[in-house]
Every structure is written in C-alpha cells, then in structure tokens.
There are 2 protein chains.
Amino acid sequence: MSSPPHHPDNPQPPGAAPSATVLSPPSALPTPAFSPLYQQIKGLILQSLQSGEWKPGEAIPSEIELAARFRVSQGTVRKAIDELAAENLVIRRQGKGTFVATHAEQQVQYRFLKLRPDTGDARTEGPAQRSILECRRTRASAEVARALALRSGDPVIQARRILSFAGEPTILEDIWLPGQAFKGLTAEQMADYQGPMYAMLEKEFGVRMVRAEEKIRAVLPDEEQARLLEIAPTTPVLSVERIAYTYNDIPMELRRGLYRTDTHHYHNEVH
Amino acid sequence: MSSPPHHPDNPQPPGAAPSATVLSPPSALPTPAFSPLYQQIKGLILQSLQSGEWKPGEAIPSEIELAARFRVSQGTVRKAIDELAAENLVIRRQGKGTFVATHAEQQVQYRFLKLRPDTGDARTEGPAQRSILECRRTRASAEVARALALRSGDPVIQARRILSFAGEPTILEDIWLPGQAFKGLTAEQMADYQGPMYAMLEKEFGVRMVRAEEKIRAVLPDEEQARLLEIAPTTPVLSVERIAYTYNDIPMELRRGLYRTDTHHYHNEVH
DNA sequence: GAGTGGTCTAGACCACGCG
DNA sequence: GCGTGGTCTAGACCACTCA
C-alpha cells in the first residue's frame, strides 16, 4: 500500500499499513492502488473474501472491528462495504451484520438466470428439476480455452444438463469448467446436490461466481437439441452464451444454454 | 413530509419543511415518504427534475446550494445525489458540477440498446442509419393500452422504423407512444432528427425515458418482416419487447423490436 | 484562486434483531 | 440492553476545472 492519504488531525506514519494479516494474493502485487483509502480498504476486504477468511453465508467482522483492524474511521469502512454490497458480493442486514453473499439462499435461487415464465408467479412454478445428461473430463478446444483463459488442450470438465419447469424441459445447457479448479467433480455430485449448481461449486470447491456476461442470439436447435427440449426443430430458441467470473474477473465457467421461449421469456431491466 | 429526524445539536422545528418551492406533482401526494431525510431530499430533487426546473444536460445546483435550500447538511444532499447518479438520472463531474442525464450525448448513444456487433469495435461500425417506414395516429388496442397504462381506444402514435448498421438492416421496430404526451409528433420529426429518438422526445416533448424493461424471445419473422430485414423467413431473430418508463415509473413507450443476430448479439451483464 | 465534487474523520443518535 | 448497520451532522482537506 502506498502512502495513505491525509488524516486531518491524526497524521498516520507513512508506512503504517493496516495491521491485518494479509494473505499473499494469487497473482497480483500486494495492492498497487494509488486510490482513495476506502478503495484500498475495499481491496483488502476483497482479498479476505477471496482467500476464504470468511465463508459464503457467514458474517464478516462488524464495521467497527474492521475500522479498528485497518486503522481507519468507520465511515471509510462503510463506504468500502457499500460498494461491495452494490456489487452483490456481501449483503447487509440491519441489526445483524454484513454477510458474504452466497448462491445457496432460498430467496435468490438462480441469481444469474433471467428466464421467467410468461404467466403466473415464478413461485407458483416451483423449483427446477435438473437432470444431468453427461459429465466428463476432456480437453479445451481453442474456443473454450479462449473463453476460460486457458491454453488449448488444458483439461476441462464438460457437462450437459436439462432444466425442467413444471415438468416441461425448458433449458438445455452445455457447461465447461476449468479442470484444475474443479478436480474430482463428478456427475453424481452435480445430480445429487440440492440447490443451484453455483451453490455446489461454492460449497465443494470454494469457487464463488460473482458476475457473468451473456451473449444472446436467436437460433434453431439441431435435431438432438430439439429432441431433448421436446420441441420441433423449426422452433426458434434463445442461445445464451455465458461466461461466469470469480473475484478479480477470472473466468471460471463457460455455459451455452438453449432457452425455450414459447412459455418463458428472458427478462432484462436497463437503466 | 413527516417530522424530520433528529438534528443532534440543531433541533429542527417539527414542521420545518424544505424551503424549496415544490410544484404540485402530477398524480401523487406531495411526498408521503416516512423515510430517511436523504430519501425525502432525493424525492424533492426528483420532483424538480421531472417538473423541468433543470433541463437535460444542464447543471443542477451545487451540493452546497441544495443543502442550503433544503436546510440539511451537504452530506445528506450528497447521499441523495449519489442514489440519483447510481440510477443514471444525473451525472457527477468532479470540479464541474452535477448534470441532468440526457440521451443526447455522444458517449452514451443508444443507452438502452444492448445489441452489439459480433466482431470489431462498436465505434468502427459507425452510427446507425434510421429510416421511418410509417408513423400514424391510431387507437390503443387492449394490449397496447395495458402496456402503456391507457384505456383501450385512447389515442396512440404508432411508428415503424428500421435501423441499419454498416448498411445492413439489423433492427425492425414497431413503436407505440401515448398520443396525449406526444401531440404533434410527425414522421418528419422522427426522420430528420440527428441523434437517438429518445433525445428527440426529450428535446421536443420534455419526456425523458429513465429506465426500461425488456422481454426477449426467439421468433421467426413473418414474410414482411423478413423482407424488411433482408433475411430468409427461416432465419430466427430476437423479439425484444420493451416498455420504457419516465420518472415515477410511468410507462411512456411500448416498443417491439426484431433484432438480427446473425452478425450481432444482445449483450448483458448479470451480477 | 474560486468553486465544484470527492474523501476522511469524529461523534451523535436511530432502527432493528436477538437474547 | 447490547451490538449491528443506518442516518445525520460538521468540519477539514484533496483533486479537478476553468477563468
């Protein structure tokens, strides 16, 4: 950390780094950051988050504790946490504390899935049925490697599954995961786990998906895809190509989904 | 406004409403709001925004001025403006001031359009060519009325246009606008205006689109649509149904777009 | 150099959740 | 009743823009 900015009355000694025991980050300098104090604090909290010091669902230390740990005012910690909360990395609960965000919550199941039934409440539809069609270890094609920031031929896990809503097959997904981070992942694990796949990856492998980018197109399914989705091959479907990222914008999943939109639609809000 | 919360040392007289001259809002009570002070301030600023006290692109008063006007601290005004900035209603520029957001800026042309070329930079593609195919006064169908919160048979303006990128017709749009708010809108106005349509509506009618919701599906174009987009009728396209809202969540536009996704894709980021 | 937004602090009190 | 996050204030100084 660089020389911390001005403390009006309490001039901080130049090298006074936070007293936190900062674990060595995976692939970056300790904290380059010539940035506002609260940004630096945010970075330090982020490091603890990604190092697993606080697990998903757990509470992080209170603002007062963090302020003491980092030797800054509570207001500065607050602003750092505000940004983390705005990015959905933590969740604030008044009177209780601030918690590490997780995919394993009833309220926000399928945080990243924007498909909604055309009619009725999402809740009347009930949870999705998942069925794993395939799950195997293979090697990254050039395309998959590029999406996952790997080299061609690096080990990847490839899976295919179907999500059904109210008994209707609605989503067909092909999923690629970097083999290294998910050693030992089995089809059983994917099939048996109760809850979203991202919750399972979080729990079993400590990898948290934090944000994703999607490219959406209209396509016709091939024969096999149409059969699996139980639609005619002339029925257009949404092709949703997703790259999901962990902390530090590291891509951790490539997913190609085909969404039926005869009974559902992709919902988006734009500001 | 309810009794304003606690001023530590400067107890505010109970009825001390901000000294701002509040114009009567269109269809709501002066400010129900049993909410934090900064939320009430935000509401008051919002009223000035929607009443046109400050026009798009103009600067709003400085934080210090607003603090004086509303008799609160600068920090409270700041928090109110922070939220407005987060919602893209205003833009802060350090050293210059805070400005009313507008659709008429070079940087953020087509703020609501999420379609991007598959390859190359969006800027290499240049601006879109617009051609108006149709623009007429008509009456709202039940469906259009529901979307725009009108009654069936209310006057609406219906338009159809094509957006082309690099000479290729890419988007076909049918647009419905409530007739009352846009009296006197002509096809010439739509065709001649340099810049996004929302910028024109902003300038000519004082109606600012602030947010939109989209429902996206994959469909096949009908014959006419295919002809206009210069594609085969067997080419699936994205159907994007957008409802755009002004302040206070009042729907002001229904738009049905067909997007070609053979050369472009709909891009979305999810958190 | 004046004016604007941006950062930081310190301290007070409020609203909530839980034992 | 205590601890948590949430609100509000007051005052200082920084960083940027422009005349």
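Below, read A as the first sequence line, B as the second, and so on, with proteins coming before strands; counting in each chain starts at 1.
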Integer-rounded Å distance: [N] [atom2] and [X] [atom1]:
X	N	atom1	atom2	value
R78(B)	dT7(C)	CZ	P	7 Å
K96(A)	dT4(D)	NZ	P	14 Å
Q39(B)	dT7(D)	CD	P	8 Å
I81(B)	dT7(C)	CD1	P	14 Å
I64(A)	dC2(D)	CD1	P	14 Å
Q74(B)	dA12(D)	CD	P	13 Å

Original post:
If only atom types and distance count, is the side chain of R130(B) paired as donor or acceptor with the main-chain N or O of M197(B) below 3.5 Å?
Top reply: no
Subject >> Expected output: side-chain H103(A) to main-chain M209(A) donor-acceptor under 3.5 Å >> reply: yes
Proximal nucleotide (of [options]) relative to the [X] side chain:
X	options	answer
T76(A)	dT7(D), dT7(C), dC8(C)	dC8(C)
S62(B)	dG5(D), dT9(D), dT4(C)	dT4(C)
E63(B)	dC8(C), dG5(C), dC8(D)	dG5(C)

**OP:** Assess whether one donor atom and one acceptor atom, taken from the side chain of R92(A) and the base of dG6(D), lie less than 3.5 Å apart.
**Re:** no
**OP:** State whether the distance check finds a donor on one side and an acceptor on the other, under 3.5 Å, for side chain R93(B) versus base dG5(C).
**Re:** no
**OP:** Starting from the 5' end of DNA chain C, give me the residue, G75(A) or Q94(A), whose nearest nucleotide shows up first.
**Re:** G75(A)
Original post:
Can you check side-chain hydrogen bond (donor to acceptor under 3.5 Å, both in side chains) on S48(B) and E53(B), steps first, answer last?
Top reply: CA-CA 5 Å; S48(B) 294; E53(B) 181 177 339; 3.0 Å; yes
Original post:
Does any non-hydrogen side-chain atom of K55(B) lie less than 4.5 Å from one of V100(B)?
Top reply: no
